[in-house]
Amino acid sequence: GLDAVVEAFGPGVLRPDGSLDRPALGRLVFADEQARLRLNGILHPRIALRTGELIAGAGADAIVVHDVPLLVENRMGAGYHLVLVVHAGVEERVRRLVVERGMTEGEARSRIAAQADDAARRAAADIWLDNSEARDEVLTAVDRLWTDRLVPFEANVREHRPAPRPEPVSVTGPDPAWPRQATRLAARIRAVVGSAALRIDHTGSTAVPGLAARDVIDLQLVVADLTVADAVRADLEDAGFVRLPGERWDTAPEGGALAERVHTACDPGRAANLHLRGADGPAWRWQLMFRDWLRAQDGERDAYAAVKQGSAGVGIEAYQAAKGPWLTQALRRATAWATSTGWQPSEPGGTAG
């Protein structure tokens with residue numbers, strides 16, 4: 001793309017030896033939004049093509065690390081199993097650009113201003129790596145990430161194996177990061193299944209503000225029927241959500257009202273379940289109704305938290321069984337609430353609820 005860049009911006013972006021003068025080009029494009037968009041239009045298609053070639057040529061057990069400066073700005077995070085943001089504060093970034101890149105302070109701040117802010121980066125980040133610490137500390141954190149998360153994650157995806165869940169079950173206080181994590185997972189799922197997704201919602205206890213829960217994100221993917229759920233199975237597994245062994249349903253035989261398909265995350269660093277339910281059955285509505293009832297009824301939310309905390313400390317099957325009697329009665333109360341209030345599911349927005 002060098003010839004195309006020179007054609008667009010002139011020979012002043014070249015060094016005497018004919019190579020690209022990156023600082024000179026940077027001064028042009030970070031001072032002029034239209035120039036920057038023009039440069040991106042030249043280079044991004046070429047970068048995407050080369051990226052695809054390199055990923056396709058990677059080994060079956062490879063971990064591909066793609067360094068993407070504009071990943072957040074271009075909303076590319078859904079195309080990856082994980083997004084890691086390497087962060088340093090603004091003043092430290094300015095200092096590094098001045099000292100290490102030879103920019104003026106004004107040039108450095110202009111470049112930073114053209115990038116996503118920290119709030120947008122945090123929203124996109126599965127992993128936040130603080131690169132303002134001592135170099136050895138950063139490298140230690142990277143080594144730990146590689147060994148404890150990336151290597152087992154890759155093996156789990158390749159072997160279609162769910163990440164192990166710790167037992168006995170523990171219940172933790174509400175985490176304000178849960179909705180952001182659910183939104184990122186929902187975006188990845190939508191990127192994989194496309195128009196097959198009639199709606200994707202954050203359900204379960206982590207979707208209820210203020211509710212203590214197991215640290216597991218539950219998502220519901222509504223598809224036309226379970227034949228569609230089976231058709232997207234392989235794509236979901238490649239994306240890191242493996243079908244639980246065998247065909248699972250709640251209390252109904254195959255094709256019954258509560259039938260579903262359940263996938264669970266391969267990522268050892270973020271436990272998550274994905275429930276695929278058919279739009280031709282009532283179960284998907286019940287899940288949203290129960291979530292919204294708990295969101296609206298503080299007393300019921302607190303009562304459920306007490307039940308959950310009292311049921312913890314055992315294996316998952318015993319934990320679910322211990323909650324069963326309360327949930328059976330609660331569903332009746334939630335149904336009565338929905339009838340009295342005229343509750344209806346919110347319009348599908350394409351992201352976690």
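The distance from atom CH2 of Trp284 to atom CD of Glu260, rounded to the nearest 0.5 Å, is 15.0 Å. Note: Cys266 SG to Glu159 CD = 10.0 Å, rounded to the nearest 0.5 Å. For the atom pair Asp3 CG and Ile42 CD1, the distance stands at 11.0 Å (nearest 0.5 Å). Within the model, atoms NE2 of His87 and CG of Asp118 stand 4.5 Å from one another, a figure rounded to the nearest 0.5 Å. Put simply, OG on Ser311 and CD on Gln320 are 9.5 Å apart, with the number rounded to the nearest 0.5 Å. Atom CZ of residue Arg333 and atom CZ of residue Phe290 lie 8.5 Å apart, to the nearest 0.5 angstrom.
Proximity of Val242 to Thr264: side-chain heavy atoms (C-beta onward) are separated by under 4.5 Å at one or more points. Pro209 places a side-chain heavy atom less than 4.5 Å from the side chain of Arg295. Residues Val262 and Leu276 are not in side-chain contact: their nearest non-hydrogen atoms beyond the backbone lie 4.5 Å or more apart. Taking 4.5 Å as the limit, every side-chain heavy atom of Asp32 sits out of range of all side-chain heavy atoms of Arg36. Side-chain contact between Val314 and Glu167: absent, with no pair of heavy atoms (C-beta onward) separated by less than 4.5 Å. With a 4.5 Å cut-off on side-chain heavy atoms, Ile217 and Leu185 count as touching. A 4.5 Å side-chain heavy-atom check between Leu211 and Asp302 finds every atom pair outside the cut-off. Ile127 is not listed as a side-chain neighbour of Val85, based on a closest heavy-atom distance of 4.5 Å or more.
Note on Asp61 versus Arg158: no salt bridge recorded, every NZ/NE/NH1/NH2 to OD/OE distance being 4.0 Å or above. By the 4.0 Å N-to-carboxylate-O rule, Arg109 lies close enough to Glu105 to be salt-bridged with it. Salt-bridge formation is not detected for the pair Glu237/Arg243: no Lys NZ or Arg NE/NH1/NH2 atom is positioned less than 4.0 Å from an Asp or Glu carboxylate oxygen. Between Arg270 and Asp215, at least one side-chain N (NZ, or NE/NH1/NH2) sits under 4.0 Å from a carboxylate O, which counts as a salt bridge. Electrostatic pairing of Asp230 and Arg233 does not count as a salt bridge here, judged by no charged N lying under 4.0 Å from a carboxylate O. Here Asp201 pairs with Arg199 in a salt bridge; the nearest charged N to carboxylate O distance falls below 4.0 Å. With salt bridges taken as basic N to acidic carboxylate O contacts below 4.0 Å, one links Arg96 and Glu92. Asp126 has no carboxylate O lying under 4.0 Å from a charged side-chain N of Arg180, or vice versa, which leaves the two without a salt bridge.
Closest heavy-atom contact between Val86 and Leu84: CG2-CD2, 3.4 Å. Contact between Ala60 and Glu154 at its shortest, heavy atoms only, is O-OE2, 3.8 Å. Taking all atoms of both residues into account, the shortest heavy-atom contact from Ala213 to Ser205 is CB-CB, 3.5 Å. The two residues Phe241 and His263 have their closest heavy-atom pair at O-ND1, 2.8 Å. Looking at every heavy atom in both residues, Val151 comes nearest to Thr147 through CB-O, 4.2 Å. Taking every heavy atom of both residues into account, Pro268 and Asp148 meet most closely at CG-O, 3.9 Å.
Both Ile47 and Phe9 are members of a single hydrophobic cluster when ILVMFWY side chains are connected at heavy-atom separations under 4.5 Å. Under the 4.5 Å side-chain heavy-atom criterion for Ile, Leu, Val, Met, Phe, Trp and Tyr, Leu294 and Leu331 are members of the same hydrophobic cluster. If you chain together hydrophobic residues whose side chains sit under 4.5 Å apart, Val142 and Val65 fall into the same group. Under the 4.5 Å side-chain heavy-atom criterion for ILVMFWY residues, no single connected hydrophobic cluster contains both Val216 and Leu327. In this structure, Met76 is not a member of the same hydrophobic cluster as Leu82, with clusters built from ILVMFWY side-chain heavy atoms closer than 4.5 Å.
Distance alone, capped at 3.5 Å, places no donor-acceptor pair between the His81 side chain and the Leu150 backbone. Using modelled atom types, no side-chain atom of Arg277 and backbone atom of Leu221 make a donor-acceptor pair closer than 3.5 Å. Checked by atom type and distance alone, the side chain of Thr339 pairs as donor or acceptor with a backbone atom of Thr335 at under 3.5 Å.
The neighbour count for Glu33 CD, taken as heavy atoms of other residues, nucleotides or ligands under 6.0 Å away, is above 12. In this structure, Glu7 places its CD atom where only 12 or fewer heavy-atom neighbours from other residues, nucleotides or ligands lie under 6.0 Å away. Counting heavy atoms of neighbouring residues, nucleotides and ligands inside a 6.0 Å radius, atom CZ of Arg161 exceeds 12 of them.
In this model, no donor atom of one side chain and acceptor atom of the other lie less than 3.5 Å apart for Arg93 and Asn131.
Note: Trp343 and Trp337 have tilted aromatic rings, judged against thresholds of 30 and 60 degrees for the angle between ring planes.
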query = Given Lys308 and Tyr319, is the side chain to side chain contact (heavy atoms under 4.5 Å, CB included) satisfied, shown in steps?
reply = CA-CA 8 Å; Lys308 292 160 71 69; Tyr319 171 75; 3.3 Å; yes

key: Verdict with supporting geometry, Phe30 and Glu107, side chain to side chain contact (heavy atoms under 4.5 Å, CB included)   = CA-CA 8 Å; Phe30 285 101; Glu107 290 170 343; over 6 Å; no

query = Does the pair Leu274 and Asp218 meet the rule for a side chain to side chain contact (heavy atoms under 4.5 Å, CB included), with working shown?
reply = CA-CA 6 Å; Leu274 175 62; Asp218 279 287; over 6 Å; no

message = The test is side chain to side chain contact (heavy atoms under 4.5 Å, CB included); show your working for Ile112 and Val94 and say whether it passes.
response = CA-CA 8 Å; Ile112 291 170; Val94 170; 3.7 Å; yes

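For Thr140, the side-chain hydrogen bond (donor to acceptor under 3.5 Å, both in side chains) test picks out no residue, with sequence neighbours left out. Tyr80 pairs by the ring-ring contact (aromatic ring centres under 6.0 Å, His included) definition with His66, not counting sequence neighbours. Residues satisfying the side-chain hydrogen bond (donor to acceptor under 3.5 Å, both in side chains) test with Arg27, not counting sequence neighbours, are none.
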